[in-house]
Amino acid sequence: MSSAASRDYALLGWVAYAMIALVLAQRAPGLPLWLLCLVVGGAALLFHWQLGSLFFLTTIFAVYLDPLFARRYYDWRSASPTLFDLILTGAVLVYMIAHYRLIGLTRQMLPRPPYLASTDGTTARATRQTAMYRSRREITRSEMMQTVLLLPILLVLAQLVWIVLPDRDSTFHMSPSVWRVLLLAWVVAVGGLVIVTLMRQLRWRQQTAAQAALYLQDILWQETRGEQRVLTRWLAWRRVKLWRKEQA
Amino acid sequence: MLTTRGWWFLLIVSFLLVVALLTPPFGHPALTLLTLTLFLWFAQEWLRFAWQTHALASKLSVCRELRDERGRVTALWAGQAVTVRVRCQWSGWLDVSWALLSDWQPLGSERFEGDAHGEGPLARRVGMTIEYRLHCPHVGRLRFEGVAAHVSDWQGFFYHRVFLRQPVVIRVLPPLVDTGGHAPSGKRHNLLPPPGVHRHRRPGSGSELLDLRDYLPGDPPKLIAWRASARRDRLITREYESEVPVRCTVFLDTSPSTRLGPAGRNALARLIEITAAVSQAAIGNRDLVGLCLFDDEDTTYLAPARTRQHLIRLLQVLTDAANQAPATGTVEVEEVLPLAYGVADELYPDMLDAERNHFPLWLPWVFPQTPATLRWPTWRDWFYRSPLWVLIAAAGLTAVVVPAVFLLVDSPRRGLWWLLLYFIMLTSVVVGWMLAMGAEFNGRRRGARWRKRLAALLSVRDGLAPGGLSLLLEDDERFVRHAQRFLAEHQVPYRLPLYDPQGRYQFAAPAKIDVLARALLRAVHKGHDNELFVLCADVLELSEQLGPLLRAVQLALARHHRVLVICPWPPGMPLPGAAVPPPARADSVALLLDRVVMERWHRAYQQSRRSFAALGVPVLCALEQEPVAVILKRMDDLRLLEKRR
């Protein structure tokens, strides 16, 4: 926590944490659940707990879905979120960003190649291990600018999605909640598929001759795998037989 | 692409979003807004990352520069330090959030200053520079493969890796030595004397006056210095410098037996060191030096010469020979595969990804490699194929049982119950068997996946025909040879068994004796009188096959040439004649094995010495004495012999 970048993100995280605590306190949930929420959130920031922020999010959910809290202080039947909800959403987003970037600065950023665990020292020598950490220099201006700009844009976008998502289904007569889930799942799936396809197409257009040759060879192998296997097995068997004869 | 951290985030946020949307009666607006915001944040991070990385390999350029204290260099001397500077330039219009660029430091070099990696954001017009200093201790070639780029977002949700392949090969030449064969301490260049200046001032038949001496009976009258004789009142003879060059041809064994071990620390490295020192010292004395590289198949011959260009060519040939790696087809695939796959995964990640290099997971279950194509199959290899037979047996049994049940059982309802019972039992047996086999041969199935991907890569790299991939999958020997070639090309050392399962030494290569004998005869045929032939050859395991070589040596001696044999010696083994440590207790097989190997080598050395001693040819151990000094001394002897003639 000694570097400038770590300090900045820790500070950002604690500010967001305080705001979340205040918003939740203002709504006066049940004390044990509220305390649990604060303990989890604080521990996640303090100990750089990887899954801490997700547990924190889950406890916020638990607070909101607590029947006592919902019945007394929160009219969750209203169609649109309130100002406090917006503040809470912004604070949670900032908390998440700060927490994950803090982890990125203090823990390993990149996964280790899978074969390293199963091979000997020679391979480890061949695949030199380098420090896969992000340096703790100061945060760049563009990084901070993007974070600041991201917050209102995402809030507005989320509101828009919530508004645009239709809650009535005139064709299948499903319940509004289920209809929204299905619709959102379809939008995410189709959108993701389109983007993945576009990206793949862009990558294909930039591949080298060797990569294209490898792809063609693979297609050929997949199409004629059975026939090639029979032929090459006979050839390999013949070689082994000749070798055995030589040895004898 | 998605890391564990990213997966957890995506799964939990998606689950909470669904929970928020399904909260009765119409969904929870606050929680939906919260989870939607987080989901959109994740989606925009993914989009940004995908756009940053889709053209990473083409938009990231690498410029490499090697410098010493005088500027850029294209070749190095062994023992020299060099600064490596790698400049990476990003030309994409969207900055990369965070990248770790790591230069592939050549194996065999030692980094002693600076880091071979750099990290940070990649921005347009702001490059990233990696700079470090290397020490090159051994003769050979340094191969810089390129730069590995690991890219991630700021949160660590996504990860992408590419390798910017830009192989650069730099020769590391043998160190310079003076005419005595010693490495220079201060001045490192211009060791060759200018034309006309002779280091060895000996009397001969040249044109430069060396000295005056008293007349001896038999001196030619034209050499009498009449004026000096008149002054001293006795006959004085003029002595001129010797300008007769001596020719020396070194026969260097590059067969696999000398190449065993890591490059720079094997027997061949010492032989190259000796040859380079002798060549430089001899050419420094204006003598002619030739070189003949031989192995068990072929020879490479450089005719004796004494020019500077010849010396440079000679050093280059020696440097190229230093990096050759041994290969044998009798290695088990499991010995080479993990190492080769590891290297391929580092250097060719784009060629191993499932998009281009697909591997069906069911393939090793249904069509595993047949033991009939293995050289030494074991019962485990047959057992490995059992899932296939279990499936066939289950299908056959079902084909018999189903009609039998309907024939034998009178009620169709009861028949269906019997069939249900049968299928439950059969499924339990088959699934249980598969699980047991899966646990037993898990590593082998992973090996099958690695092998397919590596075989596809090797087939494309080595330009095999379209069926090459299938051939490499079925033929162990071919696959092992290609994998060894791949590792050798990338200068990665790999283990090789010295003996086959029958206990025979695999690298003796008796064919090289014939090749060497032919090369020696050709050199004798082309040579002048009084040449020195230095045979740097590993003949220790071939005492019984020395006949052709001994005959060629006899012929050389009959032509008044001199022959010297230098035997390579494995580093770390006690020298011949040295005090052998007392036998260890028989509690360690490895110790006993070491001792047996050591005794075998000593015996073979003594036998070789006896064989050559019968012809009057000395045999030296490459590590034992000062072979360079001995060879130079022999050349001086030849020079005197020339003078006496």
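Note on naming: letters A, B, ... go to the chains in the order of the sequence lines (proteins, then strands), and numbering restarts at 1 for each one. On a predicted model such as this, the values are computed, not experimentally measured, just so you know.
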### Task
Apply side-chain contact (heavy atoms from CB on, under 4.5 Å) to Met96(A) and Phe42(B), showing your working.
CA-CA 11 Å; Met96(A) 286 278 185; Phe42(B) 187 82; over 6 Å; no

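- By the 4.5 Å heavy-atom criterion applied to side chains, Phe61(A) and Thr35(B) are counted as neighbours.
- When side chains are defined from C-beta on, Gln211(A) does not count as touching Tyr348(B), because their heavy atoms never get closer than 4.5 Å.
- With a 4.5 Å cut-off on side-chain heavy atoms, Trp221(A) and Asn357(B) do not count as touching.
- Residues Leu36(B) and Thr89(A) fail the side-chain proximity criterion, which asks for heavy atoms closer than 4.5 Å.
- Within the 4.5 angstrom heavy-atom criterion, only side-chain atoms of Leu150(A), from C-beta onward, approach chain B.
- Between chain B and the residues Val178(A), Ile195(A), Ile153(A), the most heavy-atom pairs under 4.5 angstrom are made by Ile195(A).
- Using a 4.5 Å cut-off between heavy atoms, Phe9(B) touches chain A through backbone and side chain atoms alike.
- Most heavy-atom pairs under 4.5 Å with chain A, from the set Leu457(B), Thr32(B), Thr3(B): that is Thr32(B).
- Smallest separation of non-hydrogen atoms from Arg244(A) and Pro377(B): NH2-CD, 3.6 Å.
- Figure legend: cation-pi geometry between Arg229(A) and Phe367(B), with NZ or CZ positioned under 6.0 Å from the six-membered ring centre and within 45° of its axis.
- For Leu220(A), the part lying under 4.5 angstrom from a heavy atom of chain B is the side chain only.
- Interface remark: Trp237(A) contributes backbone and side-chain atoms alike to the contact with chain B (heavy atom separation under 4.5 Å).
- By number of non-hydrogen pairs under 4.5 angstrom with chain A, the leading residue of Arg461(B), Arg5(B), Gln369(B), Glu477(B) is Arg5(B).
- Both the backbone and the side chain of Ile97(A) come within contact range of chain B, judged by heavy atoms closer than 4.5 Å.
- Using a 4.5 Å cut-off on side-chain heavy atoms (C-beta onward), Gln44(B) and Leu157(A) make no contact.
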### Message
Asp153(B) vs Tyr100(A), test: side-chain contact (heavy atoms from CB on, under 4.5 Å). Steps then yes/no.
### Response
CA-CA 10 Å; Asp153(B) 61 320; Tyr100(A) 275 113; over 6 Å; no

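- In this model, a donor atom of one side chain and an acceptor atom of the other lie less than 3.5 Å apart for Thr232(A) and Ser470(B).
- Summarising the geometry of Pro368(B) relative to Arg233(A), their closest heavy-atom pair is O-NH2, 2.7 Å, with the distance given to 0.1 Å.
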### Task
Applying side-chain contact (heavy atoms from CB on, under 4.5 Å), run through Glu474(B) and Gln228(A) and close with a yes or a no.
CA-CA 10 Å; Glu474(B) 300 297 337; Gln228(A) 286 194 36; over 6 Å; no

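- Residue contact with chain B, scored on non-hydrogen atoms closer than 4.5 Å, involves the side chain of Leu184(A) exclusively.
- Neither the backbone nor the side chain of Arg453(B) comes within contact range of chain A; no heavy atom of the residue lies under 4.5 Å from a heavy atom of that chain.
- With a threshold of 4.5 angstrom between heavy atoms, Arg101(A) approaches chain B through its backbone and through its side chain.
- Side chain of Gln217(A) to backbone of Ala456(B): a donor-acceptor contact under 3.5 angstrom is found.
- To the nearest 0.5 angstrom, Thr58(A) atom OG1 is 8.5 Å from Phe15(B) atom CZ.
- Side-chain contact between Glu143(A) and Trp98(B) is absent, with no heavy-atom pair separated by less than 4.5 Å.
- Among Gln207(A), Arg205(A), Lys241(A), the residue with the largest count of heavy-atom pairs under 4.5 Å with chain B is Gln207(A).
- Under a 4.0 Å N-O distance rule, the pair Asp218(A)/Lys452(B) qualifies as a salt bridge.
- For the atom pair CG (Leu235(A)) and CG (Leu471(B)), the distance works out to 6.5 Å, reported to the nearest 0.5 Å.
- Thr37(B) places none of its side-chain heavy atoms less than 4.5 Å from the side chain of Val92(A).
- The nearest pair of heavy atoms linking Ala210(A) to Val460(B) is O-CG1, 3.9 Å.
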